[in-house]
K.L.:
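Got a structure for you, questions after.
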Protein chains: 2
Amino acid sequence: MTVRQDVHSAGIPVLCQSCEARHRGVCGALDPDQLVALSKTSSRYTIEPGAELIGDAETVNSYSNVLSGVVKLTKGLSDGRQQIVGLQFAPDFLGRPFKVESEINAEAATAVSLCSFPKASIERMMRESPELEHRLLKQTLKELDEAREWMVTLGRKTASEKVASFLLMIARNIDPATDPATNSTSFDLPLTRADIADFLGLTIETVSRQLTRMRTEGVIRIENNRHVTVESLSRLERRSGA
Amino acid sequence: MTVRQDVHSAGIPVLCQSCEARHRGVCGALDPDQLVALSKTSSRYTIEPGAELIGDAETVNSYSNVLSGVVKLTKGLSDGRQQIVGLQFAPDFLGRPFKVESEINAEAATAVSLCSFPKASIERMMRESPELEHRLLKQTLKELDEAREWMVTLGRKTASEKVASFLLMIARNIDPATDPATNSTSFDLPLTRADIADFLGLTIETVSRQLTRMRTEGVIRIENNRHVTVESLSRLERRSGA
DNA sequence: AGAGGGCTTTGACCGAAATCAAGGCATTGG
DNA sequence: CCAATGCCTTGATTTCGGTCAAAGCCCTCT
């Protein structure tokens with residue numbers, strides 16, 4: 001299980017009874033007693049790539065920690081056009097507190113494992129523990145920041161800057177060891193070309209052409225359509241449009 | 001003073017001592033004693049269009065309620081390209097809790113009046129009153145929703161759909177009486193063409209051409225470059241791409 | 001009133017990305 | 001083993017929106 005290092009790691013890692021993983025997402029906010037109570041109601045799921053998470057009757061009334069894999073959040077237009085509006089990596093928290101009017105879909109981009117809690121127990125715990133709500137606020141602020149960062153990418157960057165920015169973002173999330181010093185890194189793309197296009201507001205063909213260009217110019221290598229090796233992080237950064 | 005009706009109106013309107021306005025933003029979350037304490041430290045500002053709000057030494061350490069006017073939040077690329085990533089209308093709350101790494105600028109788009117509180121008193125009050133943090137979480141979730149809605153617009157809509165969506169959003173925020181039944185509404189644009197372009201990821205010229213087209217097709221009228229009358233809300237909605 | 005400046009409109013042209021159309025390359029299953 | 005399917009790549013062509021350039025409009029200041 002890959003655990004990304006980020007703001008959430010501030011909490012003490014705690015062992016969840018039901019999924020036997022050290023949650024660094026929500027659970028870190030709870031004291032041991034609360035955690036025991038909560039973990040009695042939790043259950044671990046594994047989701048196939050492509051499966052819907054929200055809108056599904058099974059999961060609509062629950063909150064989850066992402067333990068591994070990548071979840072994509074999408075919004076669609078009535079004529080079928082789609083936009084990915086967020087990606088959740090471990091150890092992000094999944095699920096909207098307080099019903100929001102806007103329609104949003106969540107789908108597993110890769111195989112995903114989740115630790116789910118019934119909505120009711122999370123909401124009760126939120127009333128009891130301000131620290132949990134505080135966590136949630138922090139996560140929401142982080143997502144807002146990411147969303148705004150992508151708005152700049154979507155509105156103001158060229159196709160090649162978009163693809164470079166995307167690769168950098170994935171590298172930083174998948175491979176926590178991404179270190180500017182080594183100047184190279186390697187990871188599996190969690191998204192298909194179609195997903196990448198929906199994420200960047202481009203077409204499949206444009207994404208493919210930009211990846212090809214970067215390959216021929218020696219910035220990246222790609223094996224089996226999925227495994228990307230970045231030869232020069234600094235060159236990738238220069239292409240991402242700062 | 002225009003007060004938009006939204007989720008925040010749930011709280012009891014309360015009179016702020018220093019600015020003598022009924023805050024519906026943050027203050028509604030406080031009990032009378034807390035409010036009195038807080039309002040002693042608050043002060044009312046009026047900001048000219050174009051003035052920076054964040055980054056300014058005066059206001060960098062404060063939180064504010066927007067009482068009237070429109071504030072634009074922007075992010076820039078190193079070469080000068082800009083993207084507006086959010087608009088704050090009354091009675092939105094302005095200011096980021098817990099320092100966030102990302103660079104973001106706030107600027108008055110119109111004349112703006114604010115009621116500001118020192119960062120320290122808001123943060124103290126947040127520790128004392130979970131209800132305040134709850135408000136903040138709700139506002140942040142609303143902003144996240146709006147940001148994601150715009151990501152769809154930026155990534156997947158055509159220029160004319162973008163402009164139509166923009167006009168609809170402004171109408172709904174500026175003129176709370178916007179009523180689908182009447183099918184028409186009227187308001188002053190709070191943004192210049194350049195701002196609209198930066199909001200929609202377009203150029204000034206494209207924005208202008210799309211507005212002209214809507215004018216010639218009888219969907220809107222524009223007087224003095226600012227005052228917009230929507231002749232047919234339903235036709236505008238149809239153009240906004242759902 | 002007239003000059004000046006800032007914002008907006010309009011037109012001609014161009015180019016980046018979309019669309020349309022084959023074709024390639026894996027994996028799956030008969 | 002060969003078809004079939006699902007991604008992905010590549011090429012030709014089109015188009016939407018960007019760029020460059022020139023006016024027009026509106027407001028302010030003298």
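Lettering follows sequence order; numbering is per chain, from 1. Just the heavy atoms: all of them, side chains too, but no hydrogens, waters or symmetry mates, feed the values below.
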K.L.:
Given that A:Lys157 and A:Asn224 both sit by DNA chain C, which one's nearest nucleotide is further toward the 5' end?
P.N.:
A:Lys157
K.L.:
To the closest 0.5 Å, what do you measure between CG (B:Leu77) and OG (A:Ser240)?
P.N.:
8.5 Å
K.L.:
Can you name the salt bridge (Lys or Arg N to Asp or Glu O under 4.0 Å) partners of A:Glu217, sequence neighbours left out?
P.N.:
A:Arg213, A:Arg239
K.L.:
List for me each residue that meets salt bridge (Lys or Arg N to Asp or Glu O under 4.0 Å) alongside B:Arg81, sequence neighbours excluded, and say none if there are none.
P.N.:
A:Glu161, B:Asp79
K.L.:
Taking C-beta and beyond as the side chain, do A:Leu191 and A:Leu87 meet within less than 4.5 Å on heavy atoms?
P.N.:
yes
K.L.:
Using C1' atoms of five pairs at each end, report the bend of the helix from C:dA1-D:dT30 to C:dG30-D:dC1 rounded to 10 degrees.
P.N.:
30°
K.L.:
Which atoms form the tightest heavy-atom contact between B:Ile174 and B:Pro190, and what is the distance?
P.N.:
CD1-CG, 4.2 Å
K.L.:
In whole Å, what is the span from the CD atom of B:Gln210 to the P atom of C:dT10?
P.N.:
12 Å
K.L.:
Please list, chain by chain and in numerical order, all residues satisfying salt bridge (Lys or Arg N to Asp or Glu O under 4.0 Å) with A:Arg235, sequence neighbours excluded.
P.N.:
none
K.L.:
Between C:dT19 atom C1' and A:Leu202 atom CG, what is the distance in whole Å?
P.N.:
14 Å
K.L.:
What heavy-atom pair brings A:Met151 and B:Leu154 nearest, and what distance separates the two atoms?
P.N.:
O-CD1, 3.6 Å
K.L.:
Name all residues meeting the salt bridge (Lys or Arg N to Asp or Glu O under 4.0 Å) criterion together with A:Lys75; count only those two or more places apart in sequence or in a different chain, and write none if there are none.
P.N.:
B:Glu149
K.L.:
Between atom CZ in A:Arg156 and atom C1' in C:dA16, what is the gap in whole Å?
P.N.:
15 Å
K.L.:
Let me know the distance between NZ of A:Lys162 and P of C:dA16, rounded to the nearest Å.
P.N.:
15 Å
K.L.:
Separation of B:Asp188 atom CG from D:dC26 atom C1', in whole Å?
P.N.:
15 Å
K.L.:
At under 4.0 Å between heavy atoms, how does the protein contact nucleotides 5-16 of chain D? Give one character per nucleotide, 5' to 3', with B, S or -.
P.N.:
---SBBBB----
